[in-house]
2 protein chains.
Amino acid sequence: MSRILITSGPTRQYLDPVRYLTNASSGRMGSALAAAAIAEGHQVVIVSGPVSVAYPAAAEIINVETTDEMLTASMSAFESCDGAIGAAAPCDYMPRFIQTQKIAKTGDALQLELIETADVVAMLGQRKKQGQWVVGFALETEDRRFRATVKLQKKCCDWIVSNGPQAIDSDQNDIELLNRHGDVILTVQGTKEQVATELMKKISEQLPDEKLDVKR
Amino acid sequence: MSRILITSGPTRQYLDPVRYLTNASSGRMGSALAAAAIAEGHQVVIVSGPVSVAYPAAAEIINVETTDEMLTASMSAFESCDGAIGAAAPCDYMPRFIQTQKIAKTGDALQLELIETADVVAMLGQRKKQGQWVVGFALETEDRRFRATVKLQKKCCDWIVSNGPQAIDSDQNDIELLNRHGDVILTVQGTKEQVATELMKKISEQLPDEKLDVKR
């Protein structure tokens, strides 16, 4: 049995007490992966942004709101895990300045300077110790396979799942799992549950034997 | 019986196919107002942004995503209504330019120019015909009563409900209903259902007699 960290859902980056940047990530892929991992006999810790999806009761859930909170919680949880799957879609830009009061409309345009947030999966990839593994997700609208492979290398992932924006807030997904050489080692199209099951099977197969104690 | 338009929930303003600006409005206040209005014998049309809340089955629902869509749907629905309650929190800024492909991270800051979206309640207030009425909501973090009264006048509302940011995505609300002179004509603190019931009672009381055919 492995202990697996799954990041899930979106994060929010506030401009002021009311308005924020985010994306439509629903947490369904994370929830489906957690259920598939538990079904294979693994222990699961989920670090999740704000979602309305239900997670498996057997999973340990850590709720966060911003990308920095997701980073801190994930780095800490990863210490006791064998591997991590970055299924979250953390907001990757944040306003350089956050207003403490609601920004009042003036009729003029508002210039907003956005800076990049920390990259949660890249930090997990860079900090992983001997024996730990990291699977990233890449969501791209063009040059999907190429950009996913670049991301895998930049983020020090072991594998990366490439999918498109139609996956967001949908019941369905259409993915490719790529290894470090950019080879497609799995293609799945179907419900997020079907995709999660196939992905977890493949991930488990690739784990070093000593990490495996799965029921099958 | 009156026919009442209720706007509800947040809207989304996309930067690119993935990222958007929004707020945490849940649609619970809109749903509670719809239920209270239906309970008083009114007909209800809800124009709602993306929410996970359930609306009363007896209400007619029009789903929208952006503020412009909420404006178009609301202006059209308002033509057959006696009054409107603007319980939505439409995103009030939008990027001047929307990228058709996902913006790739470069490591540099991203300068985002935001322009104001159309003001749905102000447009309803300005276009209302003889006998039609509009109730707005004002969510402010400071000078609440003063700013609400300014908003009421600017948006040509008949009444305005002033509440604070703690109302967002909460079961509770704490409101003041202000008339055109800035007088507080109702104060309610409680669940959104309790607030909605008291608000609808007060609104119905203030309606011209010929608009009323309520069961009480």
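What you see is a predicted model; the values in this text were computed from it and never measured. All chains are named by letter (A, B, ...) in the order of the sequence lines, taking the proteins before the strands, and each is independently numbered beginning at 1.
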Original post:
How long is the gap from CZ on B/Arg96 to CG on A/Leu110, to the nearest 0.5 Å?
Top reply: 11.5 Å
Original post:
Once you round to the nearest 0.5 Å, how far does CG of B/Leu114 lie from CG of A/Asp108?
Top reply: 12.5 Å
Measure across [X] and [Y] and return the closest heavy-atom pair with its distance rounded to 0.1 Å.
X: A/Lys105; Y: B/Thr117; result: NZ-O, 4.4 Å
X: A/Leu139; Y: B/Lys102; result: O-NZ, 3.0 Å
X: B/Tyr93; Y: A/Ile103; result: OH-CG2, 4.5 Å
X: A/Glu113; Y: B/Ala109; result: OE2-CB, 3.6 Å
X: A/Val18; Y: B/Ile168; result: CG1-CD1, 3.9 Å
X: B/Arg12; Y: A/Ala24; result: NH1-CB, 3.7 Å

For [X], is it the side chain, the backbone, both or neither that has a heavy atom under 4.5 Å from a heavy atom of chain B?
X: A/Ala104; result: both
X: A/Lys154; result: neither
X: A/Gln111; result: both

Original post:
Around A/Arg145, counting heavy atoms of other residues, nucleotides and ligands shown, do more than 12 lie under 6.0 Å from its CZ?
Top reply: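 Not more than 12 within 6.0 Å, no.
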**OP:** Report yes if some heavy atom in the side chain of A/Thr22 is under 4.5 Å from a heavy atom in the side chain of B/Arg19; otherwise report no.
**Re:** no
**OP:** Determine whether A/Tyr20 and B/Leu21 make a side-chain contact, defined as any pair of heavy atoms from C-beta on separated by less than 4.5 Å.
**Re:**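 Counting from C-beta outward, A/Tyr20 and B/Leu21 never come under 4.5 Å.
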**OP:** Could you tell me which of A/Leu112, A/Leu15, A/Thr100 has the largest number of non-hydrogen atom pairs under 4.5 Å with chain B?
**Re:**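 Looking at each option in turn, the highest pair count goes to A/Leu112.
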Subject >> Partner chain A: residue of B/Gln13, B/Glu116, B/Glu142, B/Arg147 with the largest heavy-atom pair count (under 4.5 Å) >> reply: B/Glu116
